[in-house]
Structure formats: C-alpha cells, structure tokens
Amino acid sequence: MTRQFIVGGNWKMNGSQATVDSLVQGLNSATLDKSVEVVVAPPALYVAKVAQTFKAGQVAGQNTYCASKGAFTGEISPEMLKDVGAQWVILGHSERRHVFGENDALVAKKVKHALAVGMQVMFCVGETLDEREANRTTEVVFQQLQAVADAIDEAEWAHVVIAYEPVWAIGTGKVATPEQAQEVHAAIRGWLSDKVSAAVSQATRIMYGGSVNAGNCKELGKKPDVDGFLVGGASLKPEFIDIINCQQ
Ligand SMILES: O=C(CO)COP(=O)(O)O
C-alpha cells in the first residue's frame, strides 16, 4: 500500500500580514515535489487570506471547537474554517493539550465534530519527556488514540492523518532519531490494526513532528512508517521547501 507523503507547516502564533504573504509567495513560486501533499496552517486570522492565495497545497486551521456556533467566546468552528476555504484542521496538538489544558475527551469531541463537517484532521499524539523516561510512551500514545477511536467510525479514519509529535522534541532542537520515530510509528500502526482494522492501519498516514529541519528530514523520511512531517519552526523558513522535497 503506498501512502502519499504529506508535509504540513504549522506556523503556530507567528507572522503578520506581510510575512504570511511572503511565505505564501515563496511556496507558490518554488519547485515542489508534486507527489507530496502540502498543507499549511496559518494563525486563524490569516486562514482566509492564505486559502485565497496559496496555490501550492491546502490550508489548515490550528484548532477548532466541537460545536458549529454559539456562545463560545474566542473559539472558531470547523464550519467557519471550511467557509473561508480551509480543508484541514490540526487537533490535539501538544501545545493545546499542555498549555491550554485540553484533555483526550475534548480532543476526541473536536475530531468527531470536524470530521462530521467534512474536514480532514491532523490528529496529534505524543509523550512528554517524563513519560518517555518512565517507559510509558506507547501507553500514553495508545490512550490518546483510544479516545478518538472510541468517538469515530472506522470509515472516518480515511479523513484522519496521525501526527506523532513527542513533546520533548517540539521546538527544542532535540529531534527523535529515525529509529525512535519509526519505533513509535510502527507501534501506532500495530495499534490501529488491533483496535480499528488492518485496512485502516495500512492506509492511515503517520507524520512525525518535532524539530524537523532540512538536515534531518531525509533520514527520518526513509523510515517505512514515516509518511510525512508536521513542521513548526522550519516551516517559517525557506528550508521548508527542502523538507517538502526531501524524498527527491
Ligand atoms: O509542533 C510542531 C509541529 O506541529 C513541531 O514544532 P517544531 O518543528 O518547531 O519543533
């Protein structure tokens, strides 16, 4: 089963109208590997603008709430993202979990709602350093997966990409080794086979995220269960193009 390689740029809370324009222009004019699916996730305020101007791929929101509308001050719905031209949303990012206190139950509700609306979801999982050092990596990741698996139907996995982002590797410059990434990706694929289905296990793409850059992407990308990257800091720099083209 060939899974299309996917590279996402999570811009997090960075940029301005001017820098967003120049990032989009840079990607639009670059020569990108056409076999790679590219998705960029600008801050919510810039999603509409990027959806209109970005020609090199698709656009994601970085978060949404689990309701269509209503008295939820400060939140946006997946319907709103879709309305302005985004097809994707990142959910369960470790910064949402650890800085904003989102738990597995809330993340699962958000995934369920975004899928019901017809969005594609990048669903993030990953362990903290303490959890890794206590040999709890797969226990934590499987628990995060289980919450979503309990909330969605087997067919809905077709619209989910899993992003394995070890918390200790995010924004720290400490990248997982290709072997560490492969080990967890293979465990996630095994879990999908046991708990969802063999077909979903084979078809679901698993991206790696955490200090990916132009220097380490080639080796990570060679691993059989690494189907792409979710890139933070380096997605704001010209090297994002090298990461997209890492398989050439
Ligand atoms: O959180 C990430 C992507 O969602 C990874 O961030 P960095 O690439 O900056 O480590």
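We count ligands from 1, going down the list as the structure has it; atoms in each ligand are counted the same way.
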Ion pair present between [X] and [Y], side-chain N to carboxylate O less than 4.0 angstrom?
X      : Y      : result
Arg97  : Asp104 : yes
Arg132 : Glu127 : yes
Lys222 : Glu219 : yes
Lys69  : Glu79  : no

Legend entry - Which residue and heavy atom of the protein sit nearest atom 3 (C) of ligand 1, plus the separation: Glu165 OE2, 2.9 Å

Inset, instruction - If you have a sec, work out which protein heavy atom is nearest atom 5 (C) of ligand 1 and how many Å separate them, to one decimal? - result: Gly232 N, 3.7 Å

Numbering the atoms of ligand 1 from 1, which are under 4.0 Å from a heavy atom of [X]?
X      : answer
Gly210 : 5 (C), 10 (O)
Ser211 : 7 (P), 8 (O), 10 (O)
Lys12  : 1 (O), 2 (C), 5 (C), 6 (O)
Gly171 : 7 (P), 9 (O), 10 (O)
Gly233 : 7 (P), 8 (O), 9 (O)

Inset, instruction - Heavy-atom distances under 4.0 Å are what count here, so tell me which part of Asn10 touches ligand 1: side chain, backbone, both or neither. - result: side chain

Legend entry - Ala169, portion touching ligand 1 at heavy-atom distance under 4.0 Å: backbone

Inset, instruction - Please indicate whether Gln143 has more than 12 foreign heavy atoms, meaning atoms of other residues, nucleotides or ligands, lying under 6.0 Å from its CD. - result: no

Inset, instruction - Return yes if some donor-acceptor pair links the side-chain N/O of Lys218 with the main-chain N/O of Gln248 below 3.5 Å, else return no. - result: yes

Legend entry - Criterion ring pair (Phe, Tyr, Trp, His ring centres under 6.0 Å) against His185, the qualifying member of Tyr164, Trp191, Phe229: Tyr164

